2 protein chains.
Amino acid sequence: MFSKACEYGIRAAVYIALQSLEGRRVSVNEIAEEIDSPIAFTAKILQQLSRNNVIHSVKGPTGGFEIERTDMETVKLNLIVKAIDGDQIYVGCGLGLKECDADKPCPLHDKFVDIRTDLRHMLESTSLYELATGLEVGLTYLKR
Amino acid sequence: MFSKACEYGIRAAVYIALQSLEGRRVSVNEIAEEIDSPIAFTAKILQQLSRNNVIHSVKGPTGGFEIERTDMETVKLNLIVKAIDGDQIYVGCGLGLKECDADKPCPLHDKFVDIRTDLRHMLESTSLYELATGLEVGLTYLKR
DNA sequence: TATTAATCGGACAAAAATGTCCTTTATTTA
DNA sequence: TAAATAAAGGACATTTTTGTCCGATTAATA
């Protein structure tokens, strides 16, 4: 569904959000350790998220990554997915046809649109804050 | 969503079904031409589908690929997807966690399960016959 | 001001997915 | 029986994704 990069990106962002709720700024090393992902690859992904203003980075000692409380509520998953995987999920025919739309639909068009619409709504309505608080309360888990 | 291989596989299977409805057996070359896919790669995929009894292959002159009328109705898309992409779509955590289930759910677990369930139902309930007749009647299109 | 700790960014490496080529095998038909 | 046709299958090539390494940059602090 999502690329590996995107999976790591979402997990990282949720972890950063969780720690930011506690006022902690976290390093790539800690993030990669906590979400069980390859360090250097994770660093690249965090750069992308930082450039796209999904998370905030601070260089130097005591630096690291954080997300402001307000951003946590504003930033929905679709922003992260877009920053890493691009439009992939939203655009294009399910069967890979170049010319496929409501006018000249592929055999799977309608059924595919339904599912993708649901997915889009889910991503557009789910905030980092929501996911982070679920973790905080112990309702959900991130490790392994 | 699907791999390229899977997209080609579904398109090919639908085209074969359509032609089989007219009593025509079709060659890899014709299939690749009609669904606009790389020939040799398509040949590999057709082999997989043949081995998994999704389609039937006949060697030698006048040979090619076909699908029996009864199979067309029996074979649902999930069979094709499984034959090519394996369990990928059905199994595993949306965020790539190894240990993620209803007991120890990842932050996205429930929302992800919903969407995947919809997708699974769609694939399990859509037959090649249904897709092929849509094409036959001119309601849908396969080219480009 | 030197040291240290952290991200940034570019180049490289490995693995997986996609795609090609060519030989072998099966089968029809002249 | 020989020639022609079509799938089967193995080896190889290319591209994309995933992952690593290392030097440059930034900033805190001793």
Side-chain angles (χ1 to χ4, degrees), chain A residues 1-13 15-16 19 24-33 35-67 81 83-86 88-89 92 95-96, chain B residues 1-13 15-16 19-20 24-67 81 83-86 88-89 92 95-96:
Chain A
M1 187 79 91
F2 304 124
S3 68
K4 273 287 160 201
C6 199
E7 290 177 1
Y8 296 149
I10 295 174
R11 273 149 65 185
Y15 180 74
I16 295 167
Q19 294 305 315
R24 294 188 63 234
R25 194 182 278 163
V26 287
S27 70
V28 181
N29 289 277
E30 176 179 338
I31 295 169
E33 168 73 21
I35 69 170
D36 191 34
S37 66
I39 299 179
F41 192 42
T42 304
K44 294 286 187 219
I45 296 161
L46 292 175
Q47 280 178 43
Q48 282 187 275
L49 294 182
S50 182
R51 262 183 258 132
N52 283 275
N53 300 307
V54 170
I55 60 183
H56 181 228
S57 79
V58 178
K59 277 184 169 186
T62 78
F65 297 91
E66 64 193 5
I67 305 181
V81 174
I84 299 174
D85 284 350
Q88 260 193 329
I89 295 192
L95 296 185
Chain B
M1 187 80 89
F2 305 124
S3 67
K4 273 286 160 199
C6 199
E7 290 177 1
Y8 296 149
I10 295 174
R11 273 150 64 186
Y15 180 74
I16 295 168
Q19 293 306 316
S20 288
R24 294 189 62 235
R25 193 182 277 164
V26 286
S27 70
V28 180
N29 288 277
E30 176 180 337
I31 295 169
E33 167 73 22
E34 287 300 317
I35 69 171
D36 192 33
S37 67
I39 299 179
F41 192 42
T42 303
K44 296 286 188 217
I45 296 161
L46 292 174
Q47 281 178 45
Q48 284 187 273
L49 294 182
S50 183
R51 264 183 256 129
N52 283 276
N53 301 308
V54 170
I55 60 182
H56 181 229
S57 80
V58 177
K59 277 185 167 185
T62 79
F65 296 90
E66 63 193 5
I67 305 182
V81 174
I84 299 174
D85 283 351
Q88 259 193 330
I89 296 193
L95 296 185

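A, B, ... follow the sequence lines: proteins, then strands. Residue 1 opens every chain. Quantities reported herein were computed from a predicted structural model and do not represent experimental measurements.
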Subject >> Pairwise side-chain contact, B:Leu49 with B:Ile84, heavy-atom cut-off 4.5 Å (strictly under) >> reply: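 Of all side-chain heavy-atom pairs linking B:Ile84 with B:Leu49, at least one is under 4.5 Å.
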Close N or O pairs between protein and nucleotides 16-18 of chain C (under 3.5 Å):
unit_1 : atom_1 : unit_2 : atom_2 : d
C:dT18 : OP1    : B:Lys4 : N      : 3.0

Using whole Å, what does the distance between atom [atom2] of nucleotide [N] and atom [atom1] of [X] come to?
X       : N      : atom1 : atom2 : value
A:His56 : D:dA27 : NE2   : C1'   : 13 Å
A:Glu30 : C:dA5  : CD    : C1'   : 14 Å
A:Ile31 : C:dA5  : CD1   : C1'   : 15 Å
A:Arg24 : C:dA6  : CZ    : P     : 12 Å
A:Ile45 : C:dG9  : CD1   : P     : 15 Å
A:Ile39 : D:dT18 : CD1   : P     : 19 Å
B:Ile55 : D:dA7  : CD1   : C1'   : 10 Å
A:Glu7  : D:dT17 : CD    : P     : 14 Å

**OP:** Could I get the full list of ring pair (Phe, Tyr, Trp, His ring centres under 6.0 Å) partners for A:Tyr8, not counting sequence neighbours?
**Re:**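 Applying ring pair (Phe, Tyr, Trp, His ring centres under 6.0 Å) to A:Tyr8 gives A:Phe41.
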Original post:
Are the side chain of A:Asn52 and the backbone of A:Gln48 linked by a donor-acceptor contact shorter than 3.5 Å?
Top reply: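 Yes; judged by distance alone, with no hydrogens or angles, the pair exists.
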Original post:
So, the side chain of A:Asp85 versus the backbone of A:Phe2: is there a donor-acceptor pair under 3.5 Å, distance only?
Top reply: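 Such a contact is absent between A:Asp85 side chain and A:Phe2 backbone.
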**OP:** Report the residues that fulfil salt bridge (Lys or Arg N to Asp or Glu O under 4.0 Å) with A:Arg24, sequence neighbours left out, ordered by chain and then residue number.
**Re:**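 If we apply the salt bridge (Lys or Arg N to Asp or Glu O under 4.0 Å) test to A:Arg24, skipping adjacent residues, the hits are A:Glu30.
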Subject >> Euclidean distance, B:Glu34 CD relative to B:Asp36 CG, rounded to 0.5 Å >> reply: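 Here the rounded value is 10.0 Å.
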Original post:
How many angstroms lie between CZ in B:Phe65 and CD1 in B:Ile31, if you round to the nearest 0.5 Å?
Top reply: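 Between B:Phe65 CZ and B:Ile31 CD1, I get 6.0 Å after rounding to 0.5 Å.
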Subject >> Residues forming a side chain to side chain donor-acceptor pair (under 3.5 Å) with B:Ser37, sequence neighbours excluded >> reply: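 Checked B:Ser37 against side chain to side chain donor-acceptor pair (under 3.5 Å); matches are B:Thr42.
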**OP:** Return the set of residues passing side chain to side chain donor-acceptor pair (under 3.5 Å) with B:Lys4 (not counting sequence neighbours), or none when no residue passes.
**Re:**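 Applying side chain to side chain donor-acceptor pair (under 3.5 Å) to B:Lys4 gives B:Glu7.
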Subject >> B/S/- contact track for nucleotides 8-16 of chain D, protein heavy atom under 4.0 Å >> reply: BBBB-----
